[in-house]
Amino acid sequence: MDTKRSVLLIFTGGTISMGESPDNGSLAPLDMEAIQKLIPELEMLPVSISSYFFDPMIDSSDVDPEFWIKISRTIQENYDNYDGFVILHGTDTMAYSASAVSFMLQNLTKPVVFTGAQLPLGVLRSDAKENLMSAIEVAAAYEDDEPIVPEVSIYFEDSLMRGNRTTKQSTEYFNAFESYNYPALAKAGVHIKYRTLYIHHDHSGLPLEINTKFDTNVAILTLFPGIKETVVQSILQTPGLRAVVLESFGAGNAPRAEWLFRQLKAATDRGIIIVNVSQCHIGTIEMGRYETSLNLQKAGVQSGYDMTLEATVTKLMHLLGNYDDNSVVNKKLQESICGEVTLPTR
Ligand code: ASP
């Protein structure tokens with residue numbers, strides 16, 4: 001590192017923000033003093049580290065759009081004072097938060113690295129220390145005065161991944177996250193090796209802006225063999241509903257039942273946006289490849305390509321919050337905002 005870089009650690013909650021109380025062994029939120037005692041190696045990093053603790057810190061199952069706004073505001077308020085940001089966050093909904101924050105932080109030119117842990121600090125074999133140390137290193141990594149990873153990412157175990165490409169895949173193993181449809185941005189072994197080709201850079205030259213508009217009138221409809229019309233109907237007729245993520249089979253297929261076509265078509269005719277994503281993690285939607293997806297196309301369902309469920313839900317909330325006109329939302333759904341989707345080459 002050429003100059004001593006500064007990184008702000010933003011503790012929002014989750015396992016990584018907790019430690020075992022020496023008195024009774026119960027898990028309690030930590031403060032910076034306790035963290036420094038548990039990770040004396042932090043002192044060895046050639047980085048100036050500051051910390052900010054949310055009050056209260058929360059389990060990430062309680063995260064909502066207000067919380068995403070709080071994270072983004074904290075970054076915005078401190079943007080000029082730090083070279084990079086590390087967000088300590090529970091793993092359960094981290095992929096949703098990283099996706100949402102990636103859509104909110106517009107014209108981002110500094111690293112924002114989410115990380116967490118499967119085991120709290122201070123617990124034998126905890127992964128918290130490695131994840132935190134490496135996330136700080138990534139947030140402070142600059143070359144020729146330029147940040148190496150100026151986008152929203154997730155660091156876990158040995159991988160740095162684009163945040164809006166990740167999914168939590170394990171509650172057991174230390175590789176809690178996977179980026180199935182986009183290569184890792186860096187791999188950490190003895191050295192952290194950056195794959196610069198895959199890293200997103202904003203060239204707008206505009207100052208950071210945060211977009212805080214979300215509309216949560218979104219539902220997820222997961223198909224399964226034997227699904228009943230009444231179930232589909234009740235989801236599609238949810239009052240106020242504006243968009244549905246349809247979790248289909250394989251490359252975007254669905255039962256050919258006449259009633260399913262009728263329900264989906266009636267919903268799109270009422271102005272509900274339906275986006276097709278696959279229940280498979282790897283690969284992309286190819287509507288029209290099989291006969292079983294032709295009806296979806298005819299019903300006005302559109303492709304979510306290779307987007308994760310987390311990115312699709314938060315992208316929809318973000319677009320619906322910003323645009324009342326469905327034709328604009330539809331158009332934007334066919335574009336990549338910040339690398340969350342691989343669009344087919346036409
Ligand atoms: N339930 C915790 C959370 O997501 C799990 C974790 O931090 O890994 O907040």
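Ligands are counted one by one from 1 in listed order, and the atoms in each one are counted from 1 as well. When a residue number appears, it is its place in the shown sequence, counting from 1.
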Check whether any side-chain N or O of [X] sits under 3.5 Å from a backbone N or O of [Y] as a donor-acceptor pair, and report yes or no.
X    : Y    : result
R256 : E291 : no
N276 : S303 : no
D306 : T342 : yes
E340 : C338 : yes

Verdict with reasoning, R262 to E229, per salt bridge (Lys or Arg N to Asp or Glu O under 4.0 Å): CA-CA 10 Å; R262 191 169 20 84; E229 178 171 5; 3.2 Å; yes
Give the residue, atom name and distance (to 0.1 Å) of the protein heavy atom nearest [atom].
atom                   : value
atom 8 (O) of ligand 1 : T91 OG1, 2.4 Å
atom 9 (O) of ligand 1 : S60 N, 2.7 Å
atom 6 (C) of ligand 1 : T15 OG1, 3.0 Å

Cluster link I273 to L264, ILVMFWY, side chain under 4.5 Å: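 As far as the 4.5 Å side-chain criterion goes, L264 and I273 are not connected within one cluster.
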Backbone or side-chain N or O of [X] under 3.5 Å from ligand 1 N or O:
X    : answer
D92  : yes
Q118 : no
T93  : no

Cation-aromatic face contact K110/Y79, 6.0 Å, 45 degrees: yes
Region of A176 that comes within reach of ligand 1 [heavy atoms, distance under 4.0 Å]: neither
Atoms of ligand 1 close to A117 [distance to a heavy atom under 4.0 angstrom, numbered from 1]: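 In order of number, 8 (O).
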Per-atom contacts, ligand 1 versus G14 - under 4.0 Å to a heavy atom: 7 (O), 9 (O)
